[in-house]
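See below for the structure under consideration.
If you're wondering where the values come from, they're calculated on a predicted model, not measured in any experiment. When reading the values below, keep in mind they use all heavy atoms of this one structure, side chains included, and skip hydrogens, waters and symmetry mates.
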Amino acid sequence: MGRISATLLPPKRRLQDLQEQINLLQGQLRAGRGITVLTVCRCGHQECGSPPPAELPEDCLVIELGCGHAIPAAPPVEETHHRSRAELSRPASTTGRGIGPERHKRLLKTIRLL
């Protein structure tokens with residue numbers, strides 16, 4: 001909206017527009033500053049993380065980590081003899097060998113015929 005048409009608006013509407021513009025500018029300033037990210041842990045183990053501060057900043061993201069000692073140990077993975085569907089069905093002994101000399105000769109004859 002232009003300056004002339006804005007002056008024709010009632011004072012209440014002009015104040016609302018001004019407040020909207022101020023809110024937009026403040027939002028841009030906050031976005032430019034970034035947000036403080038704190039990773040905290042309440043268990044007290046030094047290797048799990050630092051304890052939360054007494055007072056948190058006004059705008060911050062607090063990520064609370066769990067205790068690393070409370071996570072149960074995973075059992076070792078058992079080896080299975082089942083093949084995956086993604087595995088090749090060819091035996092490993094023929095992989096990468098290329099074609100043999102006899103097949104090579106037949107292929108050259110076929111190419112010459114074409």
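Placement of Leu65 and Val37 within a single hydrophobic cluster is found when ILVMFWY residues are connected by side-chain heavy-atom separations under 4.5 Å, directly or transitively.
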Between Gln19 and Asn23, does a side-chain hydrogen bond (donor to acceptor under 3.5 Å, both in side chains) hold up when you go through it step by step? CA-CA 6 Å; Gln19 186 62 41; Asn23 289 339; 3.3 Å; yes

Could you go step by step and tell me if Leu108 and His104 meet the side chain to side chain contact (heavy atoms under 4.5 Å, CB included) rule? CA-CA 6 Å; Leu108 286 177; His104 188 266; 3.5 Å; yes

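In this structure, Glu64 CD and Leu38 CG are separated by 11.5 Å, a value rounded to the nearest 0.5 Å.
Between Cys41 and Gly66, the shortest heavy-atom contact is SG-O, 3.9 Å. Shortest non-hydrogen contact noted between Arg13 and Leu9 is CG-CD1, 3.9 Å.
No more than 12 heavy atoms of other residues, nucleotides or ligands lie within 6.0 Å of CZ in Arg42, so this atom counts as exposed by the packing criterion. Counting non-hydrogen atoms of neighbouring residues, nucleotides and ligands closer than 6.0 angstrom, the CD atom of Gln46 reaches no more than 12 such neighbours.
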